[in-house]
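Okay, structure first, notes after.
Proteins get letters first, then strands, A, B, ... in listed order; numbering begins at 1 in each. The structure displayed is predicted, hence computed values, not measured ones.
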Number of protein chains: 2
Amino acid sequence: MSRCENCIIRQLNALKALSKDELKAISDSKTERRIKKGEKIFDENESLDGVFCVRSGASKLSKLQENGKDQIVKIAGSGEVLGKRSLIAEEKANLSATALEDMDVCFIPKKEITAKIYTNPAFTKELLQQLAQDLKNSENSTIDFASKTVTQRLAHTLLHLKSQAGEDRDGFLSLSLTREDLASVIGTATESCIRHIATFKKKGFIETQAKRIKILDLEGLKALE
Amino acid sequence: MSRCENCIIRQLNALKALSKDELKAISDSKTERRIKKGEKIFDENESLDGVFCVRSGASKLSKLQENGKDQIVKIAGSGEVLGKRSLIAEEKANLSATALEDMDVCFIPKKEITAKIYTNPAFTKELLQQLAQDLKNSENSTIDFASKTVTQRLAHTLLHLKSQAGEDRDGFLSLSLTREDLASVIGTATESCIRHIATFKKKGFIETQAKRIKILDLEGLKALE
DNA sequence: GGAGAAATATGACAATTGTCAGGTTTTGGG
DNA sequence: CCCAAAACCTGACAATTGTCATATTTCTCC
């Protein structure tokens, strides 16, 4: 069983502001969970009594639409704390979280977090700043959807996936989404997404091998977004 | 000169968590500003050393796009605290704020706010919850742009304007945006927006008088969104 | 109140995106 | 390794949205 005090992942989120003793308390009350690809971590409208700290693996945060399609809002990988917003707002989850790969997450009960918000100013500051960043990212994402074309959003998303999840030793994006999920991230129909990918291939910007994508011309993609 | 202690507007935002003494301190250091329709309150990339509490009048928060168009992210009216996100993130403004009507705002210097974040837990909690709400709204807005049609977004925006700003005695929306601004809120071309408005008129959902819009069939619009 | 500017409106057409239908390839479990 | 299911891909066409050109109406301010 791993200990929060020794976990490097916490450097990536607000938990880094906690003292060794505080981390020990969290460590004692947390539970580790292994989540298989495709499993849900939590569902929209679910009451969460804690947060999930992602140790490894990527997840998607999405919301089911009336037409039955799942609209992805964000891809969240290691270091992210899922359920943070719901915990702070004291509301049910607005989005559901689903594993895109096998994941290791730690569940930290609500009381461990809320207690510290009012007693550890450094932690509070981190939380506020994290929310402020999330808000900026979300606003910028809204702007992209409102004013950019599918081509631009695809280029942007591929570049984002490269910097967020990285590449494997063959140069392919480490996180390969299905075309359906990629289309949802971009906010378009699966077929439309596939066609734009085909265009990018023809233009030499990318190369694919089954669902995997390799970026060949970074500058070319940057010029598009 | 009005005093924060007596200002009812603060009930609408995180400032409501402050004590009378804290409000007095803020009141002494704040400056009131009257902003004319069309004027900018602050610009994107500007360093803000405080926040603007809106007493009256509506504003738009927007970001200039490469194509020269302004993408509106949000309409902010009385009670809203503009610049909050930048102050917390300790960053330059991500969006610019422009008056849509004549406005009265109070400028509150940064230090008045930051000091209280770590000393008044109730205020901190309000701030966190406000950011969490903003984040949820922004995420839901992203979802709408990513998955809804222009018709749906227009219907939704009209209903939102009605509940946010209300109607005048003739039943017209109190806040009348130009078609260009309305199009930007919706994320479409001005002409497209105008055409959808014409369609709504033909169907009896709304009525217009110059730029002003009156909602005739609330249920009809709700069914569309 | 009138002139000029700005905003609103409409037509015609192009470009983009969505949908449906059908194929092919890939994947994962036994 | 094989087979069924899932994912991927393509074509054909429809629907939506964007663009440009040009009226018409409304607003502004002198």
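If you take CZ of Phe145(A) and P of dT16(C), they are 19 Å apart, rounded to a whole angstrom. Nucleotide dC8(D) holds its C1' atom 14 Å from the CG atom of Asp181(A), rounded to whole Å. What separates CG of Leu224(A) from C1' of dT16(C) is a distance of 16 Å, to the nearest Å. If you measure from atom CG of Leu154(B) to atom C1' of dT16(D), you get 15 Å, rounded to the nearest angstrom. Note: CD1 (Ile194(B)) to P (dT25(D)) measures 14 Å, nearest angstrom. Atom NZ of Lys148(B) and atom C1' of dT16(D) are 18 Å apart (whole Å). Between the CD atom of Glu180(B) and the P atom of dG18(D) there is a distance of 14 Å, rounded to whole Å. Between the CD1 atom of Ile206(A) and the C1' atom of dC8(D) there is a distance of 14 Å, given to the nearest Å.
Note on Lys63(A) versus Glu139(B): no salt bridge recorded, every NZ/NE/NH1/NH2 to OD/OE distance being 4.0 Å or above. Under a 4.0 Å N-O distance rule, the pair Lys60(B)/Asp181(B) qualifies as a salt bridge. The pair Lys162(B)-Glu167(B) meets the salt-bridge criterion, since a charged nitrogen lies less than 4.0 angstrom from a carboxylate oxygen.
Lys214(A) and Thr208(A) share no side-chain donor-acceptor pair at under 3.5 Å.
Mapping Thr149(A) and Ala198(B) onto DNA chain C by nearest heavy atom places Ala198(B) closer to the 5' end of the strand. Taking the nucleotide of DNA chain D with the nearest heavy atom to each of Arg153(B) and Thr208(A), the more 5' of the two is matched to Thr208(A).
Among the protein residues, Thr190(A) comes within range of no part of the nucleic acid, since none of its heavy atoms lies under 4.0 Å from any strand.
Of all nucleotides listed (dT10(C), dT17(D), dT17(C)), dT17(C) comes nearest to the side chain of Thr188(A).
Residues Leu177(B) and Leu161(B) meet the side-chain proximity criterion, which asks for heavy atoms closer than 4.5 Å.
Going from atom NE2 of His196(A) over to atom OG1 of Thr151(A) covers 3.5 Å, rounded to the nearest 0.5 Å. Here Ser138(A) contributes atom OG and Leu131(A) contributes atom CG; the two are 11.5 Å apart, rounded to the nearest 0.5 Å.
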For nucleotides 19-30 of chain C, give me one character per nucleotide, 5' to 3': B if any protein heavy atom sits under 4.0 Å from the base, S if the only such contacts are to the sugar-phosphate, - if neither. BB-----SS---

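The shortest distance between the side-chain N/O atoms of His196(A) and the OP1/OP2 oxygens of dT16(C) is not below 4.0 Å.
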